[in-house]
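What follows is a single structure, written as structure tokens, with notes after it.
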Amino acid sequence: MRNSLVKNAFFALAAMCFALLAPSWALAHRISVFAYSEGSRVVTESYFSGGNPAKGARIEVFDPAGKKLLEGRTDRQGGFSFPIPKEPSDLKIVLVASQGHRGEFTLSAAELRPDDDAARPQPETVVPKAQETASYREVSPDALEPLIDRVLTKRLAPLYRMVAELKKERVSPTEVAGGIGYIVGILGIYAYFKSRGSSRDGPG
Amino acid sequence: MHISEGVLSPEVLAVSVVLGAVGVGYGLKKMDTESVPKVAVLSSAFFVASLVHVPIGPAHAHLVLNGLMGLLLGWAAFPSIFVALLIQAVLFQFGGLTTLGINTLNMALPAVLCHLAFGRFTQNGRPFLAHAAGFLAGAGAVLLSGIMLAASLVFTGESFTAAAGLVLIAHLPVMVMEGFITMFCVAFLKKVRPEVLTIYAK
């Protein structure tokens with residue numbers, strides 16, 4: 001009895017040491033694709049979690065009805081871009097890499113809207129002729145602010161999302177410890193019920 | 001080595017779930033209460049090993065450890081690997097829930113096969129045979145898993161030779177590493193706790 005307890009404790013200790021050391025160089029092993037619109041094109045970036053680009057992987061783009069619109073391959077930096085399709089709709093971008101890896105990203109129609117600022121009516125920040133000789137300080141800040149704000153929001157939104165995506169890729173030691181806890185717990189509960197069952201139909 | 005969601009068709013997944021369930025069920029039957037801690041520890045080791053990322057040129061691979069699990073657990077490698085895959089899928093979205101069947105099958109069946117082929121040699125008195133058996137089991141299990149992975153991918157329309165070629169080349173370093181890891185573990189256990197290796201009195 002004591003021998004097997006020592007044996008099991010030794011095992012557990014060895015496994016825990018391994019588990020505590022490994023996470024410092026541990027990387028989950030998933031592929032992800034991220035896409036955003038830039039000008040008149042959609043830019044996609046594919047990478048393995050941990051940041052390594054997924055090179056030469058297949059990209060397929062589908063519309064909401066499931067029809068494949070186009071496909072292509074990522075370049076050496078894991079990028080692949082294509083012109084924004086004429087019909088505005090949500091796009092489902094699927095990344096298929098080798099060895100059974102797959103990732104998806106949905107780009108909504110709203111995000112796809114190409115830069116058509118020229119078509120939109122300009123606010124009254126257009127400097128009238130009379131003010132042409134005025135210096136920069138003459139342009140009213142109230143008019144400038146919403147313009148800058150709008151452009152920045154549009155440009156920064158994909159960056160925020162990309163950061164959010166990248167932030168959740170790392171595997172923390174806490175998560176690893178949690179996973180191990182679950183495994184031990186599940187098997188422990190199973191062992192408990194199994195031993196109760198066998199003791200119930202004991203002698204006789 | 002883990003197949004993601006959406007790669008294989010529902011029919012293939014359904015069949016693999018059935019086969020995987022059979023394997024897990026049989027493994028549970030063969031697993032007695034005494035060996036549950038061993039199963040849990042190896043399941044945790046497998047869980048962590050899959051996170052150890054080895055970049056090899058353009059491709060990536062990770063340690064599998066199924067050879068070692070086969071030698072130490074026998075058929076109980078099935079539930080052991082299944083539980084680890086389940087937690088990986090739920091906590092890390094690594095692999096997939098629908099692909100639990102096929103992933104369990106691809107990694108646990110080679111473990112069992114290596115146990116059947118090499119298990120008795122690790123219990124053998126001669127150290128050289130035991131070490132060689134350890135190395136072959138470690139490398140062989142990864143090799144078989146790679147072949148099964150390539151076979152699974154055939155159902156997506158990829159040609160078997162192309163898929164197999166890529167998988168095996170990417171996992172060649174892993175095979176060698178795992179061979180050595182398994183060999184060292186077997187050697188160590190034989191010296192320190194030989195009763196761990198005598199799982200089933202065949």
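Below, each value reflects all heavy atoms present in this structure, side chains not excepted, and no hydrogens, waters or symmetry copies. Every chain is numbered from 1, with letters handed out A, B, ... down the list of sequences.
- Of all the heavy atoms in A/V184 and B/S44, the pair that sits closest is CG2-OG, 4.2 Å.
- Within a 6.0 Å radius of OH in A/Y36, more than 12 heavy atoms belonging to other residues, nucleotides or ligands are found.
- Summarising the geometry, atom CD1 belonging to B/I3 is positioned 13.0 Å from atom CZ belonging to A/R102; distances are rounded to the nearest 0.5 Å.
- Residue A/I180 holds its CD1 atom at 11.0 Å from CG of B/L91, rounded to the nearest 0.5 Å.
- For the residue pair B/F47 and A/V176, the shortest heavy atom distance occurs at CE2-O, 3.7 Å.
- Applying a 4.5 Å heavy-atom cutoff, the residues of residues 78-86 of chain B that approach chain A are B/V83, B/A84.
- Taken to the nearest 0.5 Å, the CG atom of A/L187 stands 13.5 Å off from the NZ atom of B/K38.
- For A/I186, the part lying near chain B is the side chain, with the backbone staying farther off; criterion is any non-hydrogen pair under 4.5 Å.
- Heavy atoms closer than 4.5 Å to chain B are found in the side chain of A/Y190, but not in its backbone.
- Contact annotation for B/L28: both backbone and side-chain heavy atoms come within less than 4.5 Å of a heavy atom of chain A.
- Within the model, atoms OG1 of B/T33 and CZ of A/R196 stand 13.5 Å from one another, a figure rounded to the nearest 0.5 Å.
- With a 6.0 Å radius and a threshold of 12 heavy atoms from other residues, nucleotides or ligands, A/K68 has its NZ atom above the threshold.
- For a residue to count as touching a neighbouring chain, one of its non-hydrogen atoms must lie under 4.5 Å from one of that chain's; by this rule B/Q88 does not touch chain A.
- One finds the NE2 atom of B/H2 at 9.0 Å from the NE2 atom of A/H101 (value rounded to the nearest 0.5 Å).
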